[in-house]
Amino acid sequence: MAETARSRSARLGGTDEAVGDPLDHAVWRLRSRGCWEDAAALLEPHVARDDATAALRRASLLVERCLFTADGWERAEDALRTAEALASQDEERAAAACERGYLAYAAAVLGVRDRADEARAALGRAAALLPPTSPRRALLDFRRGLMAEHFGDSPQAARAAYRRAHAAATERGDALLCSFTWRHLAGLARRAGETAEARHGFVESLRLREELGFLVGMAPALVSLADVQPEPEAQRLVAEARRLFRLLGGVPSWLADRLGQDEGSGGGQSGGQSGGRAGEGVGE
């Protein structure tokens, strides 16, 4: 199950890939460990041959790097421009617009630059180009949910978008996207005081990431679960998250305030505003 799910989950960047392809597995192994530049480099020979699908995949990797590291913005912009130039069909144009919206969202949510309006426009353009039954719509719904949650001050709209994305991802067998939707639905439940529902969602998100070997997403999942667990379990989860955070060189960067401190100086539920934001996540 995990191998099939891992292959399918590589579609998160908005492209359809052949299950079992050696290149897909190599890209996934690097991506799951936070080696986005190395993963993107594997695709460059294909991009050089004007392969629009490879260009979209490379752009999605470098955009994701920006969200996790708050770095590499120019490289991601260059990759996006290439993907946009090579796109020749509405599905490809929509995928490129979805990535552009996500990059703008990342810059805005991380406080690098206010690009929320750009994100809305790009995601709206993607929605207009995609047919209702497109397999790419699940990812688009998830990202529009992020905008509604973080910039629309509308948890109801965010929850509806996440649920649409979750249902579509479940139907397609996209386990990684399901780990994202579980996590963000749980974050909304936590904010609403629905602790049991939040705990269930965070447990499911963590379980899927463990099965997939999505190492770079483990620390955020552990921190989220810690925030709804009693001691001493919360402390244990935060300690494990801190170990992974350090192993990956301080990724994701937005967990630094929560996990960059010495062990024992912060508890499982004592992250304050920064820790609460980190627990709910910004887009992964």
Side-chain angles (χ1 to χ4, degrees), residues 2-3 5-7 9-10 12-13 24-42 60-73 75-76 106 109-110 112 175-180 182-184 186-187 202-229 231-272 274-284:
E3 189 63 25
R6 184 182 299 113
S7 300
S9 71
L12 183 63
D24 295 342
H25 286 301
V27 169
W28 168 253
R29 283 194 299 270
L30 290 166
R31 176 194 175 189
S32 65
R33 289 158 175 77
C35 302
W36 297 280
E37 282 283 356
D38 292 338
L42 295 179
S60 73
L61 288 166
L62 296 175
V63 168
E64 185 174 81
R65 178 198 174 200
C66 291
L67 183 74
F68 275 82
T69 68
D71 194 17
W73 303 97
R75 182 106 161 89
V109 80
L110 294 176
V112 174
L176 184 59
L177 183 52
C178 282
S179 86
F180 287 21
W182 269 124
R183 177 162 146 71
H184 284 267
F202 289 139
V203 166
E204 287 299 301
S205 179
L206 178 60
R207 176 185 64 80
L208 288 171
R209 293 181 184 198
E210 288 175 336
E211 289 180 359
L212 291 167
F214 189 50
L215 188 64
V216 76
M218 291 292 293
L222 288 162
V223 168
S224 294
L225 183 56
D227 283 340
V228 292
Q229 292 284 54
E231 298 292 358
E233 177 65 6
Q235 185 73 21
R236 185 192 68 79
L237 292 167
V238 171
E240 177 62 11
R242 183 175 291 112
R243 184 188 70 81
L244 290 169
F245 176 78
R246 291 174 175 171
L247 178 68
L248 293 170
V251 174
S253 62
W254 39 266
L255 275 176
D257 287 348
R258 181 70 177 269
L259 300 179
Q261 55 192 307
D262 292 335
E263 193 163 355
S265 61
Q269 300 186 40
S270 60
S274 175
R277 175 83 173 223
E280 294 167 14
V282 298
E284 50 59 65

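- Not a single donor-acceptor pair under 3.5 Å links the side chain of Arg31 to the backbone N or O of Trp36.
- Using a distance-only test at 3.5 Å, with no hydrogens or angles considered, no donor-acceptor pair links the side chain of His184 to the main chain of Val282.
- Contact annotation: the side chain of Ser205 never approaches that of Ser224 to less than 4.5 Å [non-hydrogen atoms, C-beta and beyond].
- Closest approach of Arg209 to Ala221, counting heavy atoms only: CD-CB, 4.1 Å.
- Interatomic distance, Phe214 CZ to Trp28 CH2, rounded to the nearest 0.5 Å: 5.5 Å.
- Within the 4.5 Å cutoff, no side-chain heavy atoms of Cys66 are placed close to those of Asp71.
- Residues Glu240 and Arg236 are not paired through a salt bridge, judged by the lack of any N-O separation under 4.0 Å between the basic side chain and the carboxylate.
- The backbone N or O of Leu176 lies less than 3.5 Å from a partner atom in the side chain of Ser179, making a donor-acceptor pair.
- Using cut-offs of 30° and 60° on the angle between ring planes, the pair Trp254 and Phe68 is tilted.
- Val216 and Val251 make their closest contact through CG2-CG1, 3.7 Å (heavy atoms, listed as atom of the first residue, atom of the second, distance).
- Checking side-chain atoms of Glu231 against main-chain N and O of Gln235 turns up a donor-acceptor pair under 3.5 Å.
- Considering CZ of Phe245 and CZ of Arg258, their distance stands at 12.0 Å, rounded to 0.5 Å.
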**Report entry** Verdict with reasoning, Glu233 to Leu225, per side chain to side chain contact (heavy atoms under 4.5 Å, CB included)
**Finding:** CA-CA 10 Å; Glu233 177 65 6; Leu225 183 56; 5.7 Å; no

Query - Audit row: Arg243, Leu248, side chain to side chain contact (heavy atoms under 4.5 Å, CB included) steps and yes/no - result: CA-CA 9 Å; Arg243 184 188 70 81; Leu248 293 170; over 6 Å; no

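- In this structure, CG in Asp227 is found 11.0 Å from CG in Leu222, a value given to the nearest 0.5 Å.
- Under a 4.0 Å N-O distance rule, the pair Arg207/Glu204 qualifies as a salt bridge.
- The heavy-atom pair separating Leu208 from Cys178 by the smallest distance is CD1-CB, 3.8 Å.
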Report task. Verify side chain to side chain contact (heavy atoms under 4.5 Å, CB included) between Leu244 and Leu215, making sure each step is shown before the conclusion. Result -> CA-CA 8 Å; Leu244 290 169; Leu215 188 64; 3.6 Å; yes

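- A donor-acceptor pair is defined here as one N or O able to donate and one able to accept, closer than 3.5 Å; no such pair exists between the side chain of Arg65 and the backbone of Leu61.
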Query raised in the report: Given Glu284 and Arg183, is the side chain to side chain contact (heavy atoms under 4.5 Å, CB included) satisfied, shown in steps?
Result: CA-CA 8 Å; Glu284 50 59 65; Arg183 177 162 146 71; 2.5 Å; yes

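- Taking every heavy atom of both residues into account, Ala76 and Leu62 meet most closely at CB-O, 3.8 Å.
- When all heavy atoms are compared, the tightest approach of Val238 to Ala226 is CG2-CB, 3.6 Å.
- Separation of atoms CZ (Arg242) and CG (Leu247) is listed at 14.5 Å; rounding is to 0.5 Å.
- Rounding to the nearest 0.5 Å gives a distance of 9.0 Å between CD of Glu37 and OG1 of Thr69.
- In this structure, Val112 and Trp73 approach most closely via the heavy-atom pair CG2-CZ2, 3.6 Å.
- Salt bridge status for Asp38 with Arg33: absent, with no side-chain N to carboxylate O gap under 4.0 Å.
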